[in-house]
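Here is how names work: the chains are called A, B, and so on, in the same order as the sequence lines, proteins then strands, and each is numbered from 1.
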2 protein chains.
Amino acid sequence: MSAMDEQPIRNMEDFAAVSGISRPTISKYFNDPESVRASTRARIEQALDRYDYRPNIYAVNQNRRLTKNIGIVVPYLADPFFAEIARYIEMMVIEAGFRPILLSSHGSTAQEAGNLDSLKALKPAGVLLAPLGRTSDRSVIEKFCRDVPTVLFDSNIDGMGEAFIGSDNVSFVEQTVEYITKTGGAPCFFEMRTPVNPNANKRRVAYIEAMETRGLEPRVVAIDGDGWEFEEIGRQGAHDVLSRGELSCDTVLCSNDRLAIGFLAACYERGLRVGNGPGCALRVASHDDHPFSRFTCPALTTAAHDYDAVSKTSVETLFQLIENGGRFDKRRETLFPAHLIIRASA
Amino acid sequence: MSAMDEQPIRNMEDFAAVSGISRPTISKYFNDPESVRASTRARIEQALDRYDYRPNIYAVNQNRRLTKNIGIVVPYLADPFFAEIARYIEMMVIEAGFRPILLSSHGSTAQEAGNLDSLKALKPAGVLLAPLGRTSDRSVIEKFCRDVPTVLFDSNIDGMGEAFIGSDNVSFVEQTVEYITKTGGAPCFFEMRTPVNPNANKRRVAYIEAMETRGLEPRVVAIDGDGWEFEEIGRQGAHDVLSRGELSCDTVLCSNDRLAIGFLAACYERGLRVGNGPGCALRVASHDDHPFSRFTCPALTTAAHDYDAVSKTSVETLFQLIENGGRFDKRRETLFPAHLIIRASA
DNA sequence: TGCATAATTTTACGCGCGTAAAGTTTTTGT
DNA sequence: ACAAAAACTTTACGCGCGTAAAATTATGCA
């Protein structure tokens, strides 16, 4: 509660006056409360809750070379997967005493460039960037990373940023393929022909590898479609493939959960029962553990990201990078393995 | 491309020098390019793409009483419904030449208060706020609205903010009830006992009204659960209700799509076929047209928000409010009707 | 061509805070 | 209790830009 009878505090000088401390010391306090004597700190904090003064952000940041802002850029926020990861990251950034600035590229190359552009203007201490992937403008990102300490996450672009934190796609695919083959059946791999996300390519390669290791013939089913509406693309693609009888396998391993959600919708529409039991025409498994994957019908068997580890490590790596002056000796890559979540779909 | 041989442009004065225009005129240009003579504008823009100078945001905002920032606060960004609406709003704000600042309250009262707090420090020109609802701290929001021009959207809190833009819950329920009763069957209403969102209460009231108007007995099925994980709450609640045989109706009208998604998952798990055809045990309909509602099994019949209208009107109303000095003569309320989307679930 | 008007330049101050330097007070260690 | 160290105060400047006032220049129109 602020005292109502007193004059309003307009700036740090006013606040210094009413708290009985000099302005430079007040300034010091706000930059690091521990840097002033305990008794002084107490007096400041006492005044602070009488008058709810706070330094003007713009004046502060004008005089700092480095702000306390941390940029977080995700490719598509309407995808709950990214919303969820952004939520984790936001909380950790706040906890560390920084201010997160969340931006979504909405699946658009121009928007991604615009986001980086407006971030640069904010002179952030660092940026956590999950790039679009294939449709990213490499030169834009490269230039940005030269100017701002940047850690990439979720999808890697070779050589960009000082570090990458993501999931180990080989582990994802290895676990699902292992599970499927052990429980009977050889999976085909269902994916978009031209995936935006580089993880998709790694998963395809890992799938082929995993199949060949087991002496099985890999079968990749590639469907058409552009953009970020993966569910609809998956649904359409599934209908196409199924109506043409091109699916020469009884278990479908989808590149990611959103495609799988569309695939399951198509199966349902066609009266195809999915699951393990008798009377089931197909089994379906996937990757990501999308927030909605447990509510599909049937619930989706999938390889789950370690959300906690990825977001925690991303944030920690960024802070190390910042403390290290914005550069690492060599680019760091950290990959986390998946853990398999067995549900009813396979 | 910036000329590489020249000295770097550190500030507006440097840029004024290289462009051959005085600094005050440059300043004027950045505040409104139309306010300078066309020939001057041309010279500035010519210099602008030789040297990619841009005014320091912090210095600019320090000297403006009003920044060009627009705050957007949503209760739960991991809900694709809000992510989608935020996307619409963001784009319109950018188009209007403002800078959107998107914040999610993550379902937490403290976070909502924190968001408003940090927004206030940014001295935004205005704020679009979708409050948590029941769990919002009224006094915090009230105080915020006194300081910052605020337009509420999605969920209304009486008297808060200068305007509210949302959907007409009566229209939503009226349309679903009308459709269900016309196509055979009297719906019961499936909802959370203590919904966070005020729309839920309006929908229940509208449901009862709609049923009584038709001479039918309203039956409300209230389930327990707290928080924002509506799908899981709906799924659990559906299992409880179904296992106890408490569902004395053949059509279930869910308060919102996320509950319905959970309800459908439970039905699938129990082997209950949902839909219109023969062999279907239940029909399920709902409200919101959640981005995922077309991918449920079966696809969800639902009353759709007019996303475009709500977001467009919210933004327009906020800009009117800003131009009007932050106050309206009286609080404005704009409600948009739903349009029914008939899919396979009912 | 001349004159009213609009646009621009020049000059100067202020915004709120970071921060450096020099002087003063308080704390710490013995 | 005393000197050294630490913390604080005072003073002063700078950050990059908005903006006002007065002087100057450019433009449009008769």
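Atom CD in B:E13 sits about 11 Å away from atom P in C:dT10, given to the nearest Å. Separating the CZ atom of B:R54 from the P atom of D:dC17 is a distance of 12 Å, rounded to the nearest angstrom.
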Quick tally for nucleotides 8-16 of chain D: nucleotides whose base has a protein heavy atom under 4.0 Å get B, sugar-phosphate-only ones S, the rest -, giving SBBBB-BBB
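With sequence neighbours excluded, the residues satisfying side chain to side chain contact (heavy atoms under 4.5 Å, CB included) with A:T67 are A:N61, A:N69, A:K123, B:Y58. For A:F81, the ring pair (Phe, Tyr, Trp, His ring centres under 6.0 Å) partners two or more places apart in sequence, or in a different chain, are A:H305, A:Y307.
Pairs engaging residues 82-101 of chain A under the salt bridge (charged side-chain N to carboxylate O under 4.0 Å, His left out) rule: A:E84-A:R87 [sequence neighbours left out]. Sorted by first then second residue, the ring pair (Phe, Tyr, Trp, His ring centres under 6.0 Å) pairs that include residues 92-144 of chain A, not counting sequence neighbours, are A:F98-A:F319. For residues 17-31 of chain A, no pair satisfies salt bridge (charged side-chain N to carboxylate O under 4.0 Å, His left out), with sequence neighbours left out.
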